[in-house]
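The figures here come from the full heavy-atom set of this structure, side chains too, leaving out hydrogens, waters and symmetry mates.
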Amino acid sequence: MKSPKKYGVKTAIVATAATALFVSNVVTTQAPNQANAASSNTRNVILFVGDGMGTAQRNAIRLATVGEKGNLAMDSMPYAGLIHTSSTVPVTDSAASATAYASGVKTYNGAIGMNADKKSVQTIMEYAKSAGKSTGVVTTSQITDATGAAFGAHVEDRSKQSDIALQLLTKSKVDVLLGGGEDFWYPAGNPGKFADEPAEDPSEKSKGTQGNLVDKAKQLGYSYVTNKTDMQKAKSGKLLGLFANEEMFQQKPEGEGDIYNPVVSLPEMTKKAIDTLAANKKGFFLMVEEEGTDEFAHQNNAKMTIKAGQELDKSVQIAKDFAKKNPDTLVLVLADHETGGFSIEAVDAEDESGDGISKEDGPFAIANSKQNFVVDWTTSGHTAVDIPITAMGKNAQLFTGVYENTEVFTKVAQAMGIKVK
């Protein structure tokens, strides 16, 4: 096992090199005159969040998918920047980070749509709805988990997932909701479509606190679906799809029941959401999250982190294809924070593998080559490193540079021509 001093120096070098490489890309893509960049308004916004996906994770996904000379869909975009991720403390959680993106405020970890004084703050999705646009949340996590919740709910504690579900239906009135988390939509004792206490995770069971919210959704005009076939057939502009008890995968330790095989894939959910929301001539705002890149990184499971990232990239390509046909669309890809202190290393028998959280994963094949790489970890938690953002489409040039996570809200509002109160 490496000494803390040696390990820290190596990690710092890796992080510094990755950041330097990304900043160089930012410099080459910088728009010459950002002051006049937003000449007209963006009609549609598709915001992708690879939860926990830092620069090194993106590089590992790239190497494993398209190799050293290839480019992912999320990287083949003309504008790039770096985002500082802190909340009111240096290391954020997903709730505070998503609130920064959604509402432009720094807040405490665990807050959903609340500022640091526990006062509600309007979200960009709510502004979009007020402007007559349709809205959507797609995720492989629970729809009511931190990232999706922060775009359409306001609670002091992210754990209040049934309260969040009710608000998504009745307050922010999100048009399309696709993901996991059925357990929070049904009261205890009512298992819904997905059985309580399944063999893969007996801890999962209905635990809703706001009554039967699936029935509530139906009363409000939502089409309710629980599988791919019904989702694809649904024609209503208001759509609720719940495809798992909790997350749409099992994030157990590597080789101990770690499963990434969603009932409906993230690309399939993304396409359905875009097709549904695009019917609104005034445009739409869609947030798409891949949760596996975070949950598997918490388990220091590089294989599944990469697999989840590949599904995210397929989803980004779907959005890019739409944006090419609809040039008034803005596509953004970012993360809420980095998870795991992830680094990419050469395969080296002289380099000790370590144990516990410092144990290396791999080797992994580099696509289109005979080479391999290994992944090393420094933590099972979040880190405070900057994360990359890539952008294409209408007003994408606004997103270059290095800035705070709260600026994402400001820039999206500017792109859409929304006057923030």
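- The closest side-chain heavy-atom distance from Lys320 to Ser76 is below 4.5 Å.
- Salt bridge Asp196/Lys205: absent, no basic N to carboxylate O contact under 4.0 Å.
- Of the possible polar contacts, none joining the Lys411 side chain to the Ala396 backbone as a donor-acceptor pair under 3.5 Å is found.
- The shortest distance between side-chain heavy atoms of Ile124 and Ile418 falls below 4.5 Å.
- Taking the side chain as every heavy atom from C-beta outward, Glu360 and Val375 never approach each other to under 4.5 Å.
- Here the shortest heavy-atom pairing between Asn368 and Val66 reads ND2-O, 3.2 Å.
- Between Leu47 and Phe151 the shortest side-chain heavy-atom distance falls below 4.5 Å.
- The ring of Tyr101 has its center no closer than 6.0 angstrom to the ring center of Phe409.
- For the pair Lys118 and Tyr108, the cation-pi criterion (under 6.0 Å, within 45° of the ring axis) is fulfilled.
- For Ser159, the side chain to side chain donor-acceptor pair (under 3.5 Å) test picks out Asp157, with sequence neighbours left out.
- You'll find the side chain of Val91 stays beyond 4.5 Å of the side chain of His337, heavy atoms only.
- Atoms CZ and CD1, from Arg62 and Ile306 in turn, are 12.0 Å apart once rounded to the nearest 0.5 Å.
- Once rounded to the nearest 0.5 Å, the distance linking CD of Gln219 with CG of Asn212 reads 8.5 Å.
- Ion pair Glu126/Lys129 not flagged as a salt bridge, since none of the NZ, NE, NH1 or NH2 atoms sits closer than 4.0 Å to an Asp/Glu carboxylate oxygen.
- Asp313 places a side-chain N or O within donor-acceptor distance of the main-chain N or O of Met74, the cut-off being under 3.5 Å.
- In terms of modelled atom types and a separation under 3.5 Å, the side chain of Glu182 and the main chain of Phe194 share a donor-acceptor contact.
- Asp175 has no carboxylate O lying under 4.0 Å from a charged side-chain N of Lys238, or vice versa, which leaves the two without a salt bridge.
- When Asn405, Thr406, Thr92 are each tested for a side chain to side chain donor-acceptor pair (under 3.5 Å) with Lys106, only one passes: Asn405.
- Here the side chains of Thr170 and Leu220 are in contact, with some heavy-atom distance below 4.5 Å.
- For the atom pair CZ of Phe48 and CD1 of Ile46, the computed distance is 6.0 Å after rounding to the nearest 0.5 Å.
- Note that the CZ atom of Phe399 and the OG1 atom of Thr390 stand 11.5 Å from one another [nearest 0.5 Å].
- Atoms OG and NZ, from Ser120 and Lys171 in turn, are 10.5 Å apart once rounded to the nearest 0.5 Å.
- The heavy-atom pair separating Glu290 from Thr140 by the smallest distance is OE2-OG1, 2.8 Å.
- Salt bridge Asp376/Lys359: absent, no basic N to carboxylate O contact under 4.0 Å.
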Exercise. Please test Leu178 against Ile143 for side-chain contact (heavy atoms from CB on, under 4.5 Å), starting from the C-alpha separation and ending with a verdict.
Key: CA-CA 7 Å; Leu178 301 174; Ile143 292 170; 5.5 Å; no
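- Considering Leu240, Leu239, Leu242 in turn, Leu240 is the only one that fulfils the side chain to side chain contact (heavy atoms under 4.5 Å, CB included) rule with Leu177.
- For the pair Ser103 (side chain) and Gln122 (backbone), a donor-acceptor distance under 3.5 Å is present.
- A distance-only check finds a donor-acceptor pair linking the side chain of Gln57 to the backbone of Gly54 [under 3.5 Å].
- A donor-acceptor pair is defined here as one N or O able to donate and one able to accept, closer than 3.5 Å; such a pair exists between the side chain of Asn115 and the backbone of Asp117.
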Self-check item: side-chain hydrogen bond (donor to acceptor under 3.5 Å, both in side chains) between Lys394 and Thr329, intermediate numbers included
Solution: CA-CA 6 Å; Lys394 177 71 80 172; Thr329 301; over 6 Å; no
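- For the pair Ala149 and Ile164, the tightest heavy-atom approach, listed with the atom from each and the gap, is CB-CG2, 3.5 Å.
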Quiz item: After noting the C-alpha distance and the side-chain angles of Lys228 and Val263, does the key distance pass the side-chain contact (heavy atoms from CB on, under 4.5 Å) rule?
Solution: CA-CA 7 Å; Lys228 175 182 173 180; Val263 170; 5.9 Å; no
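- Between the side chain of Thr107 and the backbone N or O of Met114 there is at least one donor-acceptor pair closer than 3.5 Å.
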Exercise. Show your working on side-chain hydrogen bond (donor to acceptor under 3.5 Å, both in side chains) between Asp336 and Ser94 and close with a plain yes or no.
Key: CA-CA 6 Å; Asp336 43 5; Ser94 294; 2.8 Å; yes
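- A 4.5 Å side-chain heavy-atom check between Asp361 and Glu254 finds at least one atom pair inside the cut-off.
- In this structure, NZ on Lys271 lies 14.0 Å from CG on Leu266, to the nearest 0.5 angstrom.
- Residues Phe249 and Ile259 come closest through the heavy atom pair CB-O, 3.0 Å.
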Quiz item: Does the side-chain hydrogen bond (donor to acceptor under 3.5 Å, both in side chains) test come out yes or no for Asp321 and Gln317, once each step is laid out?
Solution: CA-CA 6 Å; Asp321 291 343; Gln317 186 60 57; 2.9 Å; yes
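- The cationic group of Lys303 does not satisfy the cation-pi geometry with Phe364, failing either the under 6.0 Å distance to the six-membered ring centre or the 45° limit from the ring axis.
- For the residue pair Trp377 and Thr339, the shortest heavy atom distance occurs at CZ3-O, 4.1 Å.
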Exercise. Would you sort out whether Gln250 and Glu200 count as a side-chain hydrogen bond (donor to acceptor under 3.5 Å, both in side chains), showing the intermediate values?
Key: CA-CA 8 Å; Gln250 295 296 325; Glu200 60 270 21; 4.6 Å; no
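- Using modelled atom types, one side-chain atom of Ser369 and one backbone atom of Ile366 make a donor-acceptor pair closer than 3.5 Å.
- At distances below 3.5 Å, not a single donor-acceptor pair connects side-chain atoms of Asp230 with backbone N or O atoms of Asn227.
- Side-chain atoms of Asn245 come within 3.5 Å of backbone N or O of Ala195 as a donor-acceptor pair.
- Glu268 is listed as a side-chain neighbour of Met231, based on a closest heavy-atom distance under 4.5 Å.
- A donor atom on one side chain and an acceptor atom on the other are not found under 3.5 Å apart for Asp145 and Gln161.
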Quiz item: For Phe284 and Phe322, what are the C-alpha separation, side-chain angles and deciding distance, and is it a ring pair (Phe, Tyr, Trp, His ring centres under 6.0 Å)?
Solution: CA-CA 13 Å; Phe284 64 85; Phe322 174 82; 5.8 Å; yes
Self-check item: Evaluation steps, side-chain contact (heavy atoms from CB on, under 4.5 Å), between Val45 and Lys133
Solution: CA-CA 10 Å; Val45 176; Lys133 297 180 184 292; over 6 Å; no
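- A donor atom on one side chain and an acceptor atom on the other are found under 3.5 Å apart for Thr139 and Glu289.
- Nearest heavy-atom pair, Val264 versus Met248, reported as atom, atom and distance to 0.1 Å: O-CE, 3.2 Å.
- A donor atom on one side chain and an acceptor atom on the other are found under 3.5 Å apart for Asn395 and Thr42.
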Quiz prompt | Asp183/Lys207 under salt bridge (charged side-chain N to carboxylate O under 4.0 Å, His left out): CA gap, chis, key distance, verdict | solution = CA-CA 6 Å; Asp183 285 354; Lys207 55 180 73 72; 3.5 Å; yes
